[in-house]
There are 2 protein chains.
Amino acid sequence: MEEKEISQAVIGRLPRYFRYLGELKDQGIERVSSQELSDIMKVTASQIRQDFNNFGGFGQQGYGYNVEYLFQEIGKILGLDKSHNLIIIGAGNLGQALANYGNFERRGFLFMGIFDKNPLLYGRKIRDREVQPMEDMEAYVKSNHIDIAVLTIPKTEAEAVAQRLVCCGIKGIWNFAHVDLNVPEEVQVENVHLSDSLMKLSYNISRFQKNR
Amino acid sequence: MEEKEISQAVIGRLPRYFRYLGELKDQGIERVSSQELSDIMKVTASQIRQDFNNFGGFGQQGYGYNVEYLFQEIGKILGLDKSHNLIIIGAGNLGQALANYGNFERRGFLFMGIFDKNPLLYGRKIRDREVQPMEDMEAYVKSNHIDIAVLTIPKTEAEAVAQRLVCCGIKGIWNFAHVDLNVPEEVQVENVHLSDSLMKLSYNISRFQKNR
DNA sequence: AAAATAATGTCAATGAATTGACAGCAGGTT
DNA sequence: AACCTGCTGTCAATTCATTGACATTATTTT
């Protein structure tokens, strides 16, 4: 069984396909061709076919793709057919906002707990879960099958906490701290560097001004 | 004056360079070679030199790069030498969290106001600014030189609001809504699709499980 | 002051990603 | 039932991005 590695460029596009297919599904549309998708999504039809084919061909010649089926399959590829338990580390503004943001549940990401090092927050209820002290993190991860930790803590603390999470067997870290984490390859890290994103926007604004 | 287009691949790496250079600067380090940076950042020295050279060569043969100078120059390229006024549209969890997150100010992004369509929130103070009604958005943008609008509203409303922002001359939109906005090319959009990011993490976790 | 060293800027080579082209098959039509 | 049309899967061509190599120049050492 030889599985070829799929490039992250392709993976990065899957959630967008997933989103558009979900919309088509909600509109009751049954079939779609790569050309139609191309028109809606503003990417080439060739790329769409190439991308889907990495996973073995979901379409039928002369017909196109079945929306419902393709949606399901991409969901499976993304691992959305299984649910993931997640905890949030850092009950600051961002941590609380993410905890309260209900939409992730829809895709099987279950909010299981939130931790902070500030004793003043202990016991405060956020989305029906009490803020727990950092010391209890490891035990909680182990006994509740936590897959994903969301890091919304200052960058100075992120690396140390990441190490502790690695030690208790976390599978993935969704990192909002402005620092690159150093973890073994069996732990997946997905960075959301908000200020990097804002700087890119700033660059593009400046560039456009100059080109006038 | 022929300015060649810089690829977004390069731009996407600039904030990371900027971050590492800032750290070196804070440590009081004066000079750095592409090889040293390569070791720290885990990218090839060749890429670093190639990237910097897109903007005209900041280094000196036999010496390397002056940290302070390079930091400044990358900041300028990213447009961080000028300040940007921003408003937040949507005073929900995420909107409030971003408003309260002070770190953007450090890079010249000034929080100037926050808007919501919910009358119950009008007047509530967030970071010393009262939540304003959506109707007042256009007037405020025009009279306060607002460059950037941060969209933290549901996807159903995002497109319409974006159109209104375009009409009153906004330069950039930092879009947290789960939808692709359709705006003219003179308006820059930077998307932060959190659920897409989470799905990528989910994929990488699943993939790793399977490969064992 | 000359020689040795260090490290850039840049060109060429390689590798990866995207696009274009089309054979071949399924579905629809006459 | 035969023909036509539509659209995938895939191969080849092209474009874009990354890496490697090195001539050149500044700095440091002797």
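Here is the naming used below: chain letters follow the sequence lines, and residue numbers restart at 1 for every chain. This structure is a prediction, so every number in the text was calculated from the model and none was measured.
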Got a list of protein N/O to nucleotides 1-7 of chain C N/O distances below 3.5 Å?
{"unit_1": "C:dA7", "atom_1": "O4'", "unit_2": "B:Gly62", "atom_2": "N", "d": "3.3"}

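Classified by interplanar angle (parallel below 30°, tilted 30° to 60°, perpendicular above 60°), the ring pair A:Phe58/A:Phe55 is parallel. Using cut-offs of 30° and 60° for the angle between ring planes, the B:His84 and B:Phe109 rings count as parallel.
When all heavy atoms are compared, the tightest approach of B:Leu181 to B:Glu159 is CA-OE1, 3.6 Å. A:Ile170 and A:Asp147 make their closest contact through CG1-O, 3.4 Å (heavy atoms, listed as atom of the first residue, atom of the second, distance).
Computed from coordinates, the A:Asn53 CG to D:dC7 P distance equals 17 Å when rounded to whole Å. Residue B:Ile48 contributes atom CD1, which lies 13 Å from atom P of D:dG20 at whole-angstrom precision. When the P atom of C:dT8 is taken as reference, atom OH of B:Tyr69 falls 15 Å away, rounded to whole Å. One atom, CG of A:Asn66, and another, P of C:dA26, lie 17 Å apart when rounded to the nearest Å. If you take CZ of A:Phe52 and P of D:dT10, they are 15 Å apart, rounded to a whole angstrom. Here D:dT27 presents its P atom at 14 Å from CD of B:Glu30, a figure rounded to the nearest Å. We find that CZ of B:Phe58 is positioned 21 Å from P of D:dT25, with the value rounded to whole Å.
Between A:Glu5 and B:Arg207 a salt bridge is recorded (basic side-chain N to carboxylate O distance below 4.0 Å).
At least one side-chain heavy atom of B:Leu201 sits less than 4.5 Å from a side-chain heavy atom of A:Trp174.
No donor-acceptor contact under 3.5 angstrom links the side chains of B:Tyr101 and A:Asn93, judged on distance only.
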- prompt: Once each nucleotide of nucleotides 11-18 of chain D is scored for protein heavy atoms under 4.0 Å, what B/S/- sequence comes out, 5' to 3'?
  reply: B-----SS

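Taking the six-membered ring for Trp and the full ring otherwise, the centers of B:Phe71 and B:Phe18 sit less than 6.0 Å from each other.
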